[in-house]
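First the structure, in the form of structure tokens, and then the observations on it.
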Amino acid sequence: MAGLFITLEGMDGAGKSTHIPTMLNLLAASGREVVATREPGGTPLGEQLRELLLHQEMHVETESLLMFAARAEHLQQLILPALARGAIVVSDRFTDASYAYQCGARGLPLAKMQALESWVQGDLQPDLTLLFDVPVEVSLQRLAGARTPDKFEAQGAEFFARLRAQYLARAAEFPQRFRVIDANRSLEQVKKSVEEIILSL
Ligand code: TMP
């Protein structure tokens with residue numbers, strides 16, 4: 001049986017991580033192997049790179065290269081073998097986050113990102129991407145009440161506005177794999193939308 005690759009995306013504060021357990025339970029009920037992972041991270045090396053990426057200021061090119069170094073390791077060690085076994089892989093973020101954060105918010109030229117994408121992942125794209133969307137103010141409000149922010153969470157409204165615009169542009173460009181979820185609703189309502197999407201698979 002072919003594997004299934006599902007990715008979750010959204011601005012910091014959009015609340016995507018809250019819904020992962022529900023999603024994993026529903027997917028596990030299908031009887032298939034489910035592998036939950038995240039980016040940057042997902043492997044021992046990837047988790048070390050995550051520490052650097054989330055807390056160390058660096059040039060956007062360095063940041064993009066390190067994101068894709070972590071992604072190459074993640075794909076080779078975990079994602080591709082799991083998909084080859086026929087598993088369902090659920091990744092909390094993937095390459096759409098690089099387009100949103102490094103290109104949209106930080107200004108890396110799209111052509112450089114496309115070159116990295118094609119080098120590291122070839123033709124592999126997620127089968128389904130859930131984009132948790134909230135207005136910028138909502139995201140900033142939610143983050144204000146949270147723990148000490150990492151370097152991305154500490155950015156201001158303009159950064160978040162560019163980020164959101166790029167995420168929505170990606171969703172419009174790839175409508176066949178994106179599902180945009182209005183995450184500016186009650187937890188119950190968002191959970192219901194997530195359940196509907198997963199059950200329709
Ligand atoms: P999170 O997993 O808690 O959402 O944190 C990961 C952070 O890293 C988040 O702020 C988004 C950022 N990020 C990028 O900037 N580019 C990427 O390619 C990925 C995967 C994450």
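Numbering of ligands and ligand atoms starts at 1, following listing order.
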> Counting distance only, does the side-chain N/O of K191 pair as donor-acceptor with the main-chain N or O of H19 below 3.5 Å?
Replying inline: no

> Is E63 close to ligand 1, meaning an N/O of one under 3.5 Å from an N/O of the other?
Replying inline: no

> Who gets closest to atom 1 (P) of ligand 1 by heavy atom: E39, R50, H74, Q102?
Replying inline: R50

> Got the closest protein heavy atom to atom 11 (C) of ligand 1, with its distance?
Replying inline: Y101 CZ, 3.4 Å

> Is the number of heavy atoms from other residues, nucleotides or ligands within 6.0 Å of NZ (K192) greater than 12?
Replying inline: no

> Hey, are K16 and E9 close enough for a salt bridge, meaning a charged N less than 4.0 Å from a carboxylate O?
Replying inline: no

> Of D12, L54, D92, which has the heavy atom at the shortest distance from atom 9 (C) of ligand 1?
Replying inline: D12

> Hey, which of L130, L8, V35 is the one that makes side-chain contact (heavy atoms from CB on, under 4.5 Å) with V90?
Replying inline: L8

> With a cut-off of 4.0 Å, which atoms of ligand 1 are near a heavy atom of R71?
Replying inline: 18 (O), 20 (C)

>> Below 4.0 Å from ligand 1: does a non-hydrogen atom of R106 turn up there or not?
In response: no

> Based purely on interatomic distance, does S98 place a nitrogen or oxygen under 3.5 Å from a nitrogen or oxygen of ligand 1?
Replying inline: yes

> Under 4.0 Å from any heavy atom of K16, which atoms of ligand 1 are there?
Replying inline: 4 (O)

> For atom 6 (C) of ligand 1, which candidate among K151, M113, R93 holds the nearest heavy atom?
Replying inline: R93

> Closer than 4.0 angstrom: is that true for some heavy atom of M67 and an atom of ligand 1?
Replying inline: yes

>> Treating Q155 as the side-chain partner and F152 as the backbone partner, does any N or O pair qualify as donor plus acceptor under 3.5 Å?
In response: no

>> Applying side-chain contact (heavy atoms from CB on, under 4.5 Å) to R179 and S193, what does each step give before you reach the verdict?
In response: CA-CA 10 Å; R179 298 287 175 279; S193 296; over 6 Å; no

> Where on A100 is there a heavy atom closer than 4.0 Å to ligand 1, on the side chain, on the backbone, on both, or on neither?
Replying inline: neither

>> Has S64 got a side-chain atom pairing as donor or acceptor with V60's backbone, closer than 3.5 angstrom?
In response: yes

> Nearest to atom 19 (C) of ligand 1, what protein heavy atom do you find, and at what distance?
Replying inline: A97 CB, 3.5 Å

> Is the backbone of M11 close enough, under 3.5 Å, to the side chain of R164 for a donor and an acceptor to pair up by distance?
Replying inline: no

>> For E153, state whether at least one heavy atom is located under 4.0 Å from any atom of ligand 1.
In response: no

>> Students should be able to answer this: which protein heavy-atom is nearest to atom 21 (C) of ligand 1, and at what distance?
In response: P40 CD, 3.5 Å

>> Taking the ring of F94 and the ring of F5, is the distance between their centroids below 6.0 Å?
In response: yes

